[in-house]
Amino acid sequence: MDPATLAVAAITAALPYVVALGKEAAKGAAGAAGKSVWEWVTGKLTSAAGTEAVEGLEKAPDDVDYRTAAEAALSKLLRADPGALSELAQLLDKAGATSTVQTANVVGDGNIVGQVSGSGNTVSINRGATPPVKPSKAS
């Protein structure tokens, strides 16, 4: 997995814990998984930029700028340290945090693309009225 995707997955997994810091919700199983990821992240992001991103995210977990800064700092660290990349991937796997990347390259006109991940999903795609089909003439 590439460092940027792994960084996003780590912050996404830890964010519920960060939001609930000090609250009862952070003590549950989901909180425990988020806590382990967050503790790993905060232990690694010790540079000035990393510390600022961590502190900002803890103060305002809904702030997109702090989240983006934390993801960028973590991605930079993971690119520089392949051991940390492997370690975080294993930690996320153990915590049950998954990251799915879907890509669709579509060329042409009138295309419809639908992507879904996980289980128990329902997808409905409606193009509107379908033009009538002209019957072919049999020879």
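Keep in mind that this is a model prediction, so the values were computed, not measured.
Taking each heavy atom of Ala9 and Leu92 in turn, the nearest pair found is CB-CD1, 4.0 Å. Between Ala7 and Ser75, the shortest heavy-atom distance links the atoms CB-N, 3.6 Å. The shortest heavy-atom contact between Gly50 and Ala73 is CA-CB, 4.1 Å. Between Ala10 and Leu74, the closest heavy-atom pair is CB-CD2, 3.7 Å.
Contacts of Val113 classified as side chain to side chain contact (heavy atoms under 4.5 Å, CB included), with partners at least two apart in sequence or in another chain: Ala104, Val106, Gln115.
Chaining together hydrophobic side chains whose heavy atoms lie under 4.5 Å apart leaves Val8 on its own. In the hydrophobic clustering, where aliphatic and aromatic side chains (Ile, Leu, Val, Met, Phe, Trp, Tyr) are joined below 4.5 Å either directly or transitively, Val64 stands alone.
For the atom pair Leu57 CG and Leu15 CG, the distance stands at 5.5 Å (nearest 0.5 Å). Thr5 OG1 to Leu78 CG: the interatomic distance, rounded to the nearest 0.5 Å, is 10.5 Å.
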Output a table of donor-acceptor pairs, distance under 3.5 Å, between side-chain atoms of residues 80-90 and any protein atom two or more places apart or on a different chain; print 'none' if there are none.
from	atom 1	to	atom 2	distance (Å)
Asp81	OD1	Gly83	N	3.1
Asp81	OD1	Ala84	N	3.1
Glu87	OE2	Trp40	NE1	2.6

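Residues in residues 60-69 take part in these side-chain hydrogen bond (donor to acceptor under 3.5 Å, both in side chains) pairs, two or more places apart or across chains: Thr12-Arg67, Arg67-Glu71. Sequence neighbours left out, not one pair with a member in residues 41-57 passes side-chain hydrogen bond (donor to acceptor under 3.5 Å, both in side chains).
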